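Report on the following structure.
The residues of the chain are indexed from 1 along the displayed sequence. What you see is a predicted model; the values in this text were computed from it and never measured. FYI, side chains are in, hydrogens and waters are out, and symmetry mates aren't considered; it's all heavy atoms of this structure.
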Amino acid sequence: MSDKKLSKPARWILITLAATVPAFLVGFYAAYIHPILLPLIPTIALYPAYYLLVSKNRLKEAVVLVVAWALLLTFLMAGFTVMYGEGIAPLVIKGESYKEEMFHWIKTGEGPEGDPRLFIVPKIREIIVFSVAAFVTAGFAALLMGAILLNYMNYYVGSLILHALPGAELQVALLSWPIYAILRVPGYVCLGVALSRLAINLIRERRLKFGEVRKLLYVALVLIVLDFILKGTVANAFYQPILNKIVQV
């Protein structure tokens with residue numbers, strides 16, 4: 001398909017995804033100066049197209065853009081961890097502490113990953129901070145938070161693959177992103193896009209127009225609730241026992 005047949009939103013999405021790869025590379029090596037540059041530079045590459053789509057009320061396309069960007073960052077961060085090893089931990093904000101928390105959970109079954117008593121309050125706090133950030137900055141700070149979260153989760157994913165028992169690498173890779181975490185990403189994306197649109201409406205028209213974002217907020221609510229429910233049920237019942245048998249931690 002030629003570029004002439006692509007809509008403007010589609011071109012913005014493709015150009016942004018193409019720019020994300022060199023942006024990640026620059027951010028990765030710039031992180032030796034300061035770790036914040038690893039998530040910041042890809043976020044800067046994403047934001048112009050994101051803002052254009054949200055400001056033009058192309059909310060579905062904005063969701064597609066951010067989900068595709070998150071998937072690309074996932075492969076890049078996990079891949080770089082596998083290639084360069086766990087020595088890159090100082091470049092990844094919260095990377096080592098999150099990995100150690102998850103490895104302890106895999107080994108013992110203890111920790112917030114599968115215990116609602118330990119994860120509900122922090123997760124609610126995280127959602128509140130994310131929501132305020134999305135609304136106050138028309139999405140930019142929320143996207144940066146998302147990039148930070150993706151980086152340390154995928155540093156853990158790459159580390160998990162490195163610790164897989166011989167022959168279990170593919171199985172570990174498939175289980176490294178549990179279903180509840182997969183649902184969480186589009187849930188947060190829908191929430192962030194909706195709040196970004198509300199912020200832009202408030203700036204432009206001095207009022208909030210919930211009708212435009214109601215469906216996105218419903219989808220976000222459903223996905224985030226499913227994240228909570230599944231995290232509290234299948235994490236310890238399914239993922240931890242399997243990973244315990246196929247990962248050396």
Is it the case that the side chains of [Y] and [X] hold a donor-acceptor pair, with the cut-off being a distance below 3.5 Å and no angle test?
X	Y	answer
S196	Y50	yes
E96	Y152	no
H163	E86	yes

**Asked** What do you reckon, is NZ of K107 surrounded by more than 12 foreign heavy atoms closer than 6.0 Å?
**Response**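 Atom NZ in K107 is not crowded, with 12 or fewer foreign heavy atoms closer than 6.0 Å.
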**Asked** Does CD belonging to E126 count more than 12 external heavy atoms closer than 6.0 Å?
**Response**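 Yes.
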[X] vs [Y] side-chain heavy atoms within contact, under 4.5 Å:
X	Y	result
P35	V92	no
I200	V54	yes
L216	K60	no
V213	Y218	no
F238	P178	no
I229	Y180	no
W12	L53	yes
E61	K8	no

State whether the side chain of [X] and the backbone N or O of [Y] hold a donor-acceptor pair below 3.5 Å, judged by distance alone.
X	Y	result
R11	L6	yes
Q240	A235	no
R197	S55	yes
T137	A141	yes
D227	R184	no

Output the distance between atom [atom1] ([X]) and atom [atom2] ([Y]), rounded to the nearest 0.5 Å.
X	Y	atom1	atom2	result
L217	L198	CG	CG	6.5 Å
L65	R58	CG	CZ	12.5 Å
I182	L71	CD1	CG	10.0 Å

**Message:** On a heavy-atom basis, which atom in A142 and which in A133 lie closest, and how many Å separate them?
**Reply:** N-CB, 4.0 Å
**Item:** Heavy-atom pair with the smallest gap, counting every atom of I41 and A23
**Value:**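 So the minimum-distance heavy-atom pair works out to CG2-O, 3.4 Å.
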**Message:** Are Y98 and F103, when compared by the centres of their aromatic rings, separated by less than 6.0 Å?
**Reply:** no
**Prompt:** For the rings on F140 and Y51, is their centre-to-centre separation under 6.0 Å?
**Reply:** no
**Message:** I'd like to know whether I88 forms a side chain to side chain contact (heavy atoms under 4.5 Å, CB included) with L91, so could you lay out the CA-CA distance, the side-chain angles of the two residues, the decisive distance to 0.1 Å, and finally the verdict.
**Reply:** CA-CA 6 Å; I88 67 171; L91 307 182; 4.2 Å; yes
**Request:** Describe, in one word, how the ring planes of F80 and Y84 are oriented to each other, choosing from parallel (under 30°), tilted (30 to 60°) and perpendicular (over 60°).
**Result:** tilted
